[in-house]
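Keep in mind that this is a model prediction, so the values were computed, not measured. Quick note on labels: first sequence line is chain A, next is B, and so on, each numbered from 1.
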Amino acid sequence: MKKVLLFLALVCLVGFCLNADALDLVFHQVYKIQPGMSVDEIMQVSEHVQYTLFADDYQSTGNVLYVEKTGATRTRKFLRQRIVLGPDSQSPEYRYKDLIMFTQPTSVKGLGILSWSYVDADRDQDQWLWLPSLKKVRKVSAAQGDDSFMGSDFTTEEITTRRYEDETYTLLGEEKFKGFTSEHDNQTYYAGRDCYKIECKPKRDPWYYSKRITWVDKEFGSTIYDEVYDSKGNLYKNIFKRYVVQKVDGKDYYTQDYLEVKDLRSGHKTLIEMEDIKFDQGLEEDYFSERTLRRSKW
Amino acid sequence: MRKRKFLLVFALGLVLTVVSASTVFASEENRGIVYKFWKKILPFDDRLELGGFLKNETSVRMAHGFDEFMKVKNIAGLKVNYRITDWWEMFTYFNWFWDGAYSIEDDRYGNVSFEDVNRKLRMPEKLQWLREAYFDFYFDKLDARIGKQQVVWGTTDGVRILDLVNPLDYREWTIKDYADIRIPLFMGNFEGELLMDGHLQVLVIPDYEPNYYAPAGAPFTLRTVDIGAQGTANAVNQGVSVQTIDEKPGRQFKNTKVGARWQHVLGGWDYTLNYLHTYDFASSAYTAFIFRPFAQPVLQLVRRAEQIDVFGGSFSKTLTEGFWLPFLKGWTLRGEYAYIKGGAMNYGYDKEIQGTVDVDQYNYALGFDRYFWTNWLFSYQFIQLIADPQEEYPGFYTNVFGIPTATENTLLFGPTRGGLDETTTIMSLKISTDFIHERLKPEILVLYTFNGDWRVSPKVSFEINDRWTIAGGAHVFTGDEQGLNGQFDKNDQVFFETTYNW
């Protein structure tokens, strides 16, 4: 009996130690990286910023550009809306509900994706699709994390499903970012900005990447650049994220307004530009339902 | 000669596609000349949304050495949405087509039915070019859509269990997307929010259209239509007058059809409860042979749309948690059920109708979907259609003199007039994936009925750029001529599609 109790106590202690660095971040609050934070705390803040968990809701339009090595480009235009919920909301089990509607080109116009993300990190998203070719809402299995997100060079995990709990982190140091030169507009971004350089390894093994090195900007509180290494340890992809700050009710909301990813093996690039970004517009939770998907007519 | 014609059309299409594709690459942000044209002649502000397509669908029968066009269909679609206010919009979808196969292959149907085939399949009839036209009203807790539209119920793909609100256009069987072959009806469609994620939809449908079927002599003429046409011709040759009476519900208030659906998401389970009071879009046939003294005998055929009530429901659930059974995580389970009360079916034996009986139906489907190997989607469905006669019918076929023969009567399967088992079991499997950043999309659909009836439809589509998409594939049908797909055993075809979106 004593052995059992000792074992249970040990399990609790190990569990406590593993979570010792975890912050208890509250939804709808802005967090900034503070000096002295552990690497786990930094990554939690980074995730909070990435999914705009500091806001009540989020809305933007955007363009996705798929650029072939030859320069040939395809485009998608979309409208994205999100309501952030969380444990203190009237629907405490949900993290956020997200709606993406494609508006151009005509071949995909009307395609809508409704996702409900849960606070429980072990629970996958629920997803519904409005498919113009079926004219009905279809409950779908969430795409696998390593699948391409909407045909882009991003994976689904990188855009919608990666959670803080999915990786382990090692702080490699603090350094000034070398800068990223966009192949889209030839501008060099963020050279000399103060960053944390962090190695992130997926807990899932084997997985489509073995590690990524990320640069977390101290001011923005989130990742500005990722180097992603394949399962053999070779660098195969880099991801750049640009931020803007919006003043909302006296608070600074840092949010991504441009993403650029390049697959170094194929030379293919994907660029995502967000426009007309708005926060806290008073979106209602009931808007994020199948009824809204059924409004689609295309 | 035909081979040369086919090659000419194919080569021309290919050249056009490549030339157009290269010019569009140069101006990706540009929505093209067709869009500019419409924007110019419709001088509205940004509240007007326009979109459309030009499409060519060509299919060639495999049976005769690929030298016979089954269709060379050119389709123009125009969709217009006008936002009158923030809560009031108007949408219209015009769809016009012209099938050139009926000019190229005019010697194929060298019989009396060609006129009918040509009229029904070459161009849209009546108001068919107006696919959809409705007003949308959005209120806080209520959406209303009023006008010509299609409403889709259920979770099953490719087989209709609860999807019974709109009739279907079977003139090309079911080889096209259901969204393209559902026949829109004028109706009021009201959907209100009663709970968070709980919605009640009410349909009021004053309009009625029967299913459309290809006339005798067309590529996808149902076997039952062919048998009927032959029977009529034989009767006329034997001096019998044929009288056909269509008993369709008139446009009266008392014939208004109504439907209701409760849809709710509870604990991750998405379920619906459905009710529909409607008329069967496939009419039941009642035949009578009338002898008249000193006059031609009459073969009377009454095609009656039976009033039916549909009670049903559906569910879908993605297993997002795998605590107890980790291997089930990621699966989406779907199902739907419909009890159809008040229908009717013919009985008799193959090709021969003896009479008509009331039949209730219990139909259900179960579906299982999951991604494997990153982006290979497997979608499997198990379907059973159960016919339950509500009255006794004679066990043996009776000849014209009223004498029973040794041939047993069974229920007859509507589309083929072949014998129908009281339980029909169907399985379907669709496998789809994508390559090259979702530009290349192969898929295959396999439909199997447990009496040895098959349909296999592989397809590959390729997105050349934002405007142009090409696709190719085949439809292969196998089975007895009494079967759902076997009746088209000689219709195996390859097809090519080219679409310009603007």
**OP:** Sort Ser152(A) into side chain, backbone, both or neither according to what part of it lies under 4.5 angstrom from a heavy atom of chain B.
**Re:** backbone
Subject >> Test item: Glu321(B) and Asp120(A) side chains (from C-beta on) under 4.5 Å apart, heavy atoms >> reply: yes
Subject >> Options Gln90(A), Gln125(A), Glu290(A), ranked by heavy-atom pairs under 4.5 Å with chain B, top entry >> reply: Glu290(A)
**OP:** Give the minimum heavy-atom separation between Ser133(A) and Ala179(B), together with the two atoms involved.
**Re:** O-CB, 3.3 Å
Original post:
Can any side-chain N or O of Gln144(A) pair as donor or acceptor with the backbone N or O of Tyr371(B) at less than 3.5 Å?
Top reply: yes
Subject >> Pair Glu49(B)-Lys109(A), side-chain contact (heavy atoms from CB on, under 4.5 Å): steps then yes or no >> reply: CA-CA 11 Å; Glu49(B) 269 185 285; Lys109(A) 187 175 172 68; 2.5 Å; yes
Original post:
Which heavy atom in Asp369(B) sits nearest to a heavy atom in Arg138(A), and how many Å separate them?
Top reply: OD2-NH2, 2.8 Å
Original post:
Hey, which of Tyr287(A), Tyr118(A), Trp128(A) has the most heavy atom pairs under 4.5 Å with chain B?
Top reply: Trp128(A)
Original post:
Given a strict heavy-atom distance threshold of 4.5 Å, which part of Glu191(B) is in contact with chain A: side chain, backbone, both, or neither?
Top reply: both
Original post:
Looking only at heavy atoms, what is the nearest atom pair of Arg182(B) and Leu134(A), with distance?
Top reply: NH1-O, 3.7 Å
Original post:
Which bit of Glu93(A) comes within less than 4.5 Å of chain B, counting heavy atoms only: side chain, backbone, both or neither?
Top reply: neither
Original post:
Relative to chain A, which segment of Trp331(B) carries a heavy atom at a distance below 4.5 Å: side chain, backbone, both, or neither?
Top reply: backbone
**OP:** Provide the closest heavy-atom pair for Lys141(B) versus Asp286(A) in the form atom of the first, atom of the second, distance.
**Re:** NZ-OD2, 2.9 Å
Original post:
Between Arg295(A) and Asp136(B), is the closest basic N to carboxylate O distance under 4.0 Å?
Top reply: no
**OP:** Say whether Arg291(A) and Gln201(B), considering side chains only, have a donor N or O and an acceptor N or O under 3.5 Å apart.
**Re:** no
Original post:
In terms of heavy-atom proximity below 4.5 Å to chain A, should Asp140(B) be classed as side chain, backbone, both, or neither?
Top reply: backbone
Subject >> Lys/Arg N to Asp/Glu carboxylate O, Asp177(B) vs Lys135(A), below 4.0 Å >> reply: no
Subject >> Residue Asp270(B) versus chain A: region with a heavy atom under 4.5 Å >> reply: side chain
**OP:** Let me know if Val108(A) has heavy atoms under 4.5 Å from chain B in its side chain, its backbone, both or neither.
**Re:** neither
Original post:
At what distance, to the nearest 0.5 angstrom, does CZ of Arg294(A) lie from CZ of Arg145(B)?
Top reply: 10.5 Å
Subject >> Minimum-distance pair of heavy atoms, taken over all atoms of Asp197(B) and Phe288(A) >> reply: OD1-O, 4.5 Å
Original post:
Is the shortest distance from a Lys or Arg side-chain nitrogen in Glu336(B) or Lys136(A) to a carboxylate oxygen in the other one below 4.0 Å?
Top reply: no
**OP:** Give a yes or no on whether Asp86(B) atom CG has more than 12 heavy-atom contacts from other residues, nucleotides or ligands under 6.0 Å away.
**Re:** no
**OP:** Examine whether an atom of Ser379(B) lies under 4.5 Å from a heavy atom of chain A, and if so say whether it belongs to the side chain, the backbone or both; otherwise answer neither.
**Re:** side chain
Original post:
Can you tell me if Thr106(A) uses its side chain to pair, donor with acceptor, with the backbone of Trp502(B) under 3.5 Å?
Top reply: yes
Original post:
chain B heavy atoms under 4.5 Å from Glu284(A): which part of the residue, side chain, backbone, both or neither?
Top reply: neither
**OP:** Would you check, one step at a time, whether the test salt bridge (charged side-chain N to carboxylate O under 4.0 Å, His left out) holds for Glu463(B) with Arg76(A)?
**Re:** CA-CA 13 Å; Glu463(B) 183 184 323; Arg76(A) 299 278 185 271; 2.9 Å; yes
Original post:
Rounded to the nearest 0.5 Å, what separation is found between the OG1 atom of Thr320(B) and the CG atom of Asp122(A)?
Top reply: 10.5 Å
Subject >> Pairs of heavy atoms under 4.5 Å with chain A: top-ranked of Arg370(B), Lys317(B), Gln150(B) >> reply: Gln150(B)
Original post:
With a cut-off of 6.0 Å (strictly less than), are more than 12 heavy atoms of other residues, nucleotides or ligands near NZ of Lys55(B)?
Top reply: yes
Original post:
chain A heavy atoms under 4.5 Å from Leu333(B): which part of the residue, side chain, backbone, both or neither?
Top reply: neither
**OP:** Measure from the ring center of Trp298(A) to the ring center of Tyr93(B) and say whether it is less than 6.0 Å.
**Re:** no
Subject >> Contact winner vs chain B - Gly151(A), Gly71(A), Pro132(A), heavy-atom pairs under 4.5 Å >> reply: Gly151(A)
Original post:
Between OG of Ser289(A) and NE2 of His264(B), what distance do you get to the nearest 0.5 Å?
Top reply: 11.5 Å
Original post:
Would you find a donor on one side and an acceptor on the other, under 3.5 Å apart, between the side chain of Asp466(B) and the backbone of Thr75(A)?
Top reply: yes
Original post:
Out of Thr374(B), Asn501(B), Val152(B), which one racks up the most heavy-atom pairs below 4.5 Å with chain A?
Top reply: Thr374(B)
**OP:** For the pair Glu89(B) and Lys297(A), find out whether any cationic side-chain nitrogen is under 4.0 Å from an anionic carboxylate oxygen.
**Re:** yes
Original post:
Which one, Tyr138(B), Trp153(B), Phe53(B), leads in non-hydrogen pairs under 4.5 Å with chain A?
Top reply: Tyr138(B)
**OP:** Could you tell me which residues in residues 154-163 of chain B have at least one non-hydrogen atom under 4.5 Å from a non-hydrogen atom of chain A, sorted by residue number?
**Re:** Gly154(B), Thr155(B), Thr156(B), Asp157(B)
Original post:
Which distance, rounded to the nearest 0.5 Å, do you find between the OH of Tyr66(A) and the CD of Glu438(B)?
Top reply: 6.5 Å
Original post:
How long is the gap from OG on Ser296(A) to CZ on Phe91(B), to the nearest 0.5 Å?
Top reply: 8.5 Å
Original post:
Checking heavy atoms, do the side chain of Val265(B), its backbone, both or neither come under 4.5 Å from chain A?
Top reply: side chain
**OP:** Would you give the length of the straight line joining atom CG of Asp124(A) to atom OG1 of Thr318(B), rounded to the nearest 0.5 angstrom?
**Re:** 9.0 Å
**OP:** Check Arg467(B) against Pro105(A) and note the closest heavy-atom contact, atom names and distance.
**Re:** NH2-CB, 3.6 Å
**OP:** Would you indicate whether Lys232(A), at its atom NZ, is surrounded by more than 12 heavy atoms from other residues, nucleotides or ligands within a distance under 6.0 Å?
**Re:** no
**OP:** Mind ranking Lys79(B), Glu132(B), Gln149(B) by heavy-atom pairs under 4.5 Å with chain A and telling me who comes out on top?
**Re:** Lys79(B)
Original post:
Has Lys441(B) got more than 12 heavy atoms of other residues, nucleotides or ligands less than 6.0 Å from its NZ?
Top reply: no
Original post:
Is it the backbone or the side chain of Leu50(B) that comes under 4.5 Å from a heavy atom of chain A, or both, or neither?
Top reply: backbone
